[in-house]
Structures are given as C-alpha cells and as structure tokens.
Asks: 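Here you go, one structure.
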Protein chains: 2
Amino acid sequence: MVSIKQIAADIGVSAATVSNALTGKGRVSEEMARRIRLRAEELGYRPNVTARALKRGQTGILGLVMPDLTNPLFPRIAQSLSEAADARHLGILIADSRGSAGEQRNAMRRLIDRGVDGLLVVPQKGSAPEAQAVPMVVINTASDPQNTVSSDHVGGGHLIGTHIAELGHRSVVLLGGDAVSEVQQDRIAGMRAALSGRAESAVRWGAAGIEDLPALIRDGATAVLTTSDHLALQVQSALAQAGFSVPRDVSLTGFDDLPLATAMHPALTTVAQNVPEIAMRAIDAICARIAGAPASADSQTVPTRLVQRASTRSLHPTDPT
Amino acid sequence: MVSIKQIAADIGVSAATVSNALTGKGRVSEEMARRIRLRAEELGYRPNVTARALKRGQTGILGLVMPDLTNPLFPRIAQSLSEAADARHLGILIADSRGSAGEQRNAMRRLIDRGVDGLLVVPQKGSAPEAQAVPMVVINTASDPQNTVSSDHVGGGHLIGTHIAELGHRSVVLLGGDAVSEVQQDRIAGMRAALSGRAESAVRWGAAGIEDLPALIRDGATAVLTTSDHLALQVQSALAQAGFSVPRDVSLTGFDDLPLATAMHPALTTVAQNVPEIAMRAIDAICARIAGAPASADSQTVPTRLVQRASTRSLHPTDPT
DNA sequence: CTGTTAGCGCATTCAC
DNA sequence: GTGAATGCGCTAACAG
C-alpha cells in the first residue's frame, strides 16, 4: 500500500504537506498541490481509512441490525439504505438479531465494538431496543418514541380499508400474521378505523385465521384484508382449494408490494411502503445525530401508497367487472 | 471510551502489560493479570478495533458484493454468511452492484478502500469480476475458474429432470427467465441432460416463453420446468388464466425453494440450494486466502436437493393422483 | 516477569 | 507556504 509519506519522500516534501494538499485543508501553493495530486494519482494512492478513523475517532461505518435477515423486506431496506449511505460515503455493516431480543442486544454490542458511528435498527417484534453508547435510529416501529422513522402503517391500513369500503363491501375479514407485531397491529387498526361505521369487520390471526376463512365467507364476508402479501398468497391458495375465486367470490388485499404481488393472478391489490424515502430519512437522522444533534423525541412517519390491482372487486351493481 | 492506558495508569502499570494480560500473549504474573482483568471489567473496557486494525494491518471485515440487493436469495445468503463470519469474529460490509458490471467494479473498489480483508462476490449475470488487491471468493457461478464456491446448478436441473422423467412425462417445456444468466443456463442444461432420450424438451425464455405455454400444452406438453420459484408462480397464474390447472393438466416446478413455494397451492416442487453450506465454504475459503493460501484454481460445488411437493403429478396409470 | 520504545498512517497543531 | 512534532489506541520487540 502506498502511504502519504511515500509520496512525500518521493517528491521531497513533508508528509504534512501532502496531507494538506490532498485534503485541501492547509495552505499549500497551487503549484505544489498539483504536483502532489499528480504523483498520488500515478502511485494509485488511496488514503488508509483505518488510520484516518483512528485519528478522527469515527469509522464512517453504520451498523444495520435486522430482526431476521430472512425478512422478505430486507432486500429493499438494505438496498435503499446502502444507496443512501453511499451518497454520504458511509459503509453498512450488517447484523442479524435472529429472532430474539437478547440476540438483538448482542448484535448491537458487536457492532458497537466494531466502532460503528451509529446504529440503524429494525427492532424485533415487540421489543424496544435500549439506548446505547452510539446514536441510534429505529426503523419501522412508530410505537417507539425516540428517533424513529417509520411507514405510516395505520395510514396504510386506512387506505386499504377505505378502498374496500368504497367498493361497497359491508362485511370484511381482517387477517394478521402475528398479533405480537406492533406493525401488524397498526395496519389492522387502520383498516378497522376506515371500515368503522361502513362495514362489519372481524379480526383473525395466523394459520387458524386462514382456516376460519371459508366459514366466514359463507356467512357473508366479501373481502379479506391481510397484513402482508405473503399471507395474501396463502389465503388465495387456501380459498382456491375451498372453491372460492378471487376476486369473483371474495376480494383480497396484501401489504408491502413484494415482487410476488405482480406474479400472482389476479395481481394483488396492496399497500406499498416508500422504502427509499424511509432509508433516506433514517440516514439523514442518524447523520444528524452523529453530527451532534440531540436525540429528538419526535418520530417521522412516511406515507404509504395504495397499489390498486386486480384482486379487489366492486360490489356496486352499476360498476363493471 | 476507556483505553488500555487508562486502566494501566489506574493500576500503576504500563500499557504494554495491560495489553499482554488481556490478550494472554506476553508473560504476566497470574496475580497481576487477574487484577488487570478485574479492573478492565469494572471500567467496561472494550478494545478499540480501529487501533488494533491499524496496528495489525487487518480490519476483520469482509466485503459482500451482490449483483442486486433486491435478489430474492439475498436474505438467505446474507444471513448464512453473516452467521458464518460471526463465528470467526468477522464483520460483513455490504455493497450493491446495481445491475451493471461497471458498478460491480466500483463497489469492489469502495470496499477495498474501506480496508476489507477480503471480498465475497456474487457476480453480475454474465460478468467475471476481475482479480483485485485483496483475496476474493466468487459465489455461485461455477463458470469462473478461480476460488469459486457454487451450488451444483447442473446437478439441480438434473434432479428435477430425472424426477419428471420418472413420473412418466414425455414432452416437457424448460422455461428460463433470462438467457444471459449462466446459472439459469446451467440449470436448463441439467434438465435437458436428464431428459435426454427419455422425453422431448423445448426451451423457452422470459415473458415470451410464458405466452407460448398454452399452445405448447395443447400440443402435448405435460410439464413446465422453470429456473426459479418466482417464474413458476407466474406460470401457474398464467396457466390458471388459460384454464389449465396444476398439477392436473400440467406439472410445474420451480428452483430455489423460496418462502413462496410453500405459500402457493399446490405447494411447489422445487430444488433447494444448501445456502448455509455455501456460506460456510465461502467463508472458509476466504479465510484461507487471507491467511496466505494461494488462489486455487479449483471451484467447490455444493449439492442441491430436490424438494418434492404437490405441483408435480405422475402420469403412470398405476400411480394414484 | 514487567516496562520502555517504537511505529502502524494520518491529520492537526504550531513553529519556521 | 511548508515542515517538525505529536498523538489517536494498540501491540511487537526488546530491555530491564
């Protein structure tokens, strides 16, 4: 590796001057600066980030803690975060909290031991990560009050609920995957609120909930609103098996707008999170905190978007389809 | 942050002795070592990895370059890699090559600039990442001769092809997503080889290929073998729309064993990659290279596994269903 | 057995 | 405008 002092010796000047010329900080004659930059270029000089980090006390690395790297949303989050971090010349070190709050804490500690400048954490279901020695921004759980950036899950549920109500549905089933998840609770709450006064709604959870569906439909339910696309696919399969067709017999919606939403037939009506926006805000927030901003108590909420496709049907006699 | 010298000053001993006591390297009296460890514990001392990295010339960080973080397999790879790396006290810094070979090179360079000790790269379709200043291990493309660990894609295709042939299918369609992908070519090649002499096979690619399916089935094809689960879901949807039912009218298979394979109905027969094994070998290989082993020309191949579910049907009159 | 010295590569004083 | 000195925190080599 070519170091600053080699190019210094090479030109016959001191290391400090080279540093100054390259960073543009100190005052160096334009002529000298030019020569230095040229030689650095020739030698393929790359500043040693480790040395710089030691000197500055900052590594330029952010830690990303996910509840489960297997999460279907992880790819998008990682990508958007990586892109946003990149723009600020920050790197992202990943860690998996493997489904337990204890492992989550371990993962955070390992990252901190590695010297990350800040922590981005997507918390374990039902756990609030505790404050640490480094700035932290929590993603996707509005229920945690501090430094949180999150999708408006309630709003998303509201979007779906309103859509379904406007389509004329009067009896709908709300299906969640796991009642422990605050995110899913929020989505369901949004749906209920939108439906309230316009339609009956029954809430069900998990595999048992899926089994209840055929009976509920026979009792008059005309729509099933789920809290994830994956769940919706399972529902569609189960319903097909029971002889119900989507959207003819029953309307169906998902949540998240995963790739599978368009691979399904009918294509799934769902709610898309604005992941890039969340990522950008999260990175902004963590950078602000690193730069010294105090931990703010307000949480940012990013709007979601209804993606209307073919799995929902209007019940108004006048409408086509 | 509490440093080694603070605890040294604290106890009235030199920094070197503390270092020795804590790492167990130098010879320190057991008595002294005990006192030092105790005090370190009390003070909550954590070694500064940056300083250590500067001294040692190694950061303990591996760079992971993915062709597209949005890749549905990324979560598993990231998780398995992260776990395997963890066991060796290595961190993983991610980077996205965003679909282009050029960006792939940039990503690698950024990672190297950050001082990673080695690079794990899942290459861009149809691109062979060029050798770099740090050890590199290529994942999942056997076509690159150097330091590669890959699933046996050909073998996987063979597994599926054999399965279908044994079920009595005599005319099958092989459907790939993108002909540029060597991985998909390998899978198709394996299928063809297994089918050769036992059944007719036609190869189709992409969306156009999906459109051809109904006609091919009417012409007598009884099975569609795809190179990904995602593709299989699309096929199932398109087929349902055209009035064909899986597996009654046509058998269908996927590849990768994504979560959606079990969410579908019928559950998808597919081929699972042994991702944890690949990850472990990749980490082993990169560690060996970092430790000084020469770049070996041989590539490691990890067997795949047939996951037989409900989307394939036997055509033998004697068999049930 | 323990302490001192030195230096990893860089950036920041402060002299010159 | 430029350079010498200094130190970030740690560890290897050597001296005591």
Side-chain angles (χ1 to χ4, degrees), chain A residues 1-40 43-61 89 91 112-117 133-134 290, chain B residues 1-40 43-61 89 91 112-117 133-134 290:
Chain A
M1 269 301 83
V2 29
S3 77
I4 217 172
K5 70 163 53 162
Q6 288 176 45
I7 114 165
D10 214 38
I11 294 204
V13 73
S14 90
T17 302
V18 175
S19 173
N20 284 335
L22 260 23
T23 59
K25 289 289 175 62
R27 303 151 303 273
V28 181
S29 70
E30 185 44 48
E31 165 60 13
M32 176 91 300
R34 217 181 35 70
R35 278 182 58 200
I36 292 178
R37 278 194 297 267
L38 178 67
R39 195 79 191 105
L43 263 37
Y45 167 77
R46 318 255 64 188
N48 179 319
V49 284
T50 305
R52 188 174 278 181
L54 180 58
K55 178 72 184 161
R56 298 222 253 248
Q58 302 211 333
T59 54
I61 295 182
H89 305 288
I112 291 174
D113 283 353
R114 276 203 183 282
V116 298
D117 294 337
V134 305
I290 290 172
Chain B
M1 272 298 83
V2 28
S3 75
I4 217 172
K5 73 162 51 161
Q6 288 177 45
I7 114 166
D10 215 36
I11 294 204
V13 70
S14 88
T17 303
V18 175
S19 172
N20 284 334
L22 260 23
T23 60
K25 288 288 177 61
R27 303 150 303 273
V28 180
S29 71
E30 186 43 50
E31 165 60 12
M32 175 89 315
R34 216 181 35 69
R35 279 183 58 201
I36 291 178
R37 279 194 295 266
L38 179 67
R39 195 80 191 103
L43 263 37
Y45 168 77
R46 317 254 65 186
N48 179 320
V49 283
T50 305
R52 188 174 278 178
L54 180 58
K55 179 73 184 160
R56 295 221 256 249
Q58 300 211 335
T59 54
I61 296 181
H89 304 286
I112 291 174
D113 283 353
R114 277 204 180 282
V116 298
D117 295 338
V134 305
I290 290 173

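Every heavy atom of this structure was used, including side-chain atoms; hydrogens, water molecules and symmetry mates were not. Letters A, B, ... mirror the listed sequences (proteins, then strands); counts begin at 1. Model, not experiment: these values are computed from the prediction.
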Asks: Distance check needed: dT2(C) P versus L22(B) CG, whole Å only.
Replies: 14 Å
Asks: Can you name the residues that form a side-chain contact (heavy atoms from CB on, under 4.5 Å) with R114(B), not counting sequence neighbours?
Replies: I61(A), L93(B)
Asks: Using the salt bridge (Lys or Arg N to Asp or Glu O under 4.0 Å) criterion, which residues pair with R37(B)? Sequence neighbours excluded.
Replies: E30(B)
Asks: Find the distance between CG (L43(B)) and CD1 (I4(B)) and round it off to the nearest 0.5 Å.
Replies: 12.5 Å
Asks: Output one letter per nucleotide in nucleotides 3-9 of chain C: B when a protein non-hydrogen atom lies under 4.0 Å from the base, S when only the sugar-phosphate is that close, - when neither is.
Replies: BB--BBB
Asks: Which part of the nucleic acid, if any, lies within reach of S19(A) when heavy atoms closer than 4.0 Å are counted: base, sugar-phosphate only, or nothing?
Replies: base
Asks: Please output the side-chain donor-acceptor pairs of residues 9-23 of chain A that fall under 3.5 Å, not counting sequence neighbours, one pair per line with the distance.
Replies:
residue	atom	partner	partner atom	Å
D10(A)	OD2	R39(A)	NE	2.3
D10(A)	OD2	R39(A)	NH2	2.9
S14(A)	OG	A16(A)	N	3.3
S14(A)	OG	T17(A)	N	3.3
S14(A)	OG	T17(A)	OG1	3.4
N20(A)	ND2	A16(A)	O	3.4
T23(A)	OG1	S19(A)	O	2.9
T23(A)	OG1	K25(A)	N	3.4

Asks: Find the bend of the helix from dC1(C)-dG16(D) to dC16(C)-dG1(D) as the angle between its two terminal axes (five pairs each), to the nearest 10°.
Replies: 50°
Asks: Considering only heavy atoms from C-beta outward, does the side chain of R46(B) approach that of I112(A) to under 4.5 Å?
Replies: no
Asks: Quick one: list whatever passes salt bridge (Lys or Arg N to Asp or Glu O under 4.0 Å) with R35(A), sequence neighbours left out.
Replies: none
Asks: So where does chain B start and stop touching DNA chain D, 5' to 3', when the test is distance under 4.0 Å to a non-hydrogen atom?
Replies: dC8(D) to dA12(D)
Asks: So, using side-chain hydrogen bond (donor to acceptor under 3.5 Å, both in side chains) as the criterion, who are the partners of T59(A) when residues are at least two apart?
Replies: D117(A)
Asks: Sequence neighbours excluded, which residues qualify as side-chain contact (heavy atoms from CB on, under 4.5 Å) partners of L38(B)?
Replies: E42(B)
Asks: Not counting sequence neighbours, which residues clear side-chain contact (heavy atoms from CB on, under 4.5 Å) with V49(A)? List them please.
Replies: none
Asks: In chain order, what residues pass the side-chain contact (heavy atoms from CB on, under 4.5 Å) check against R56(A), with sequence neighbours excluded?
Replies: R52(A)
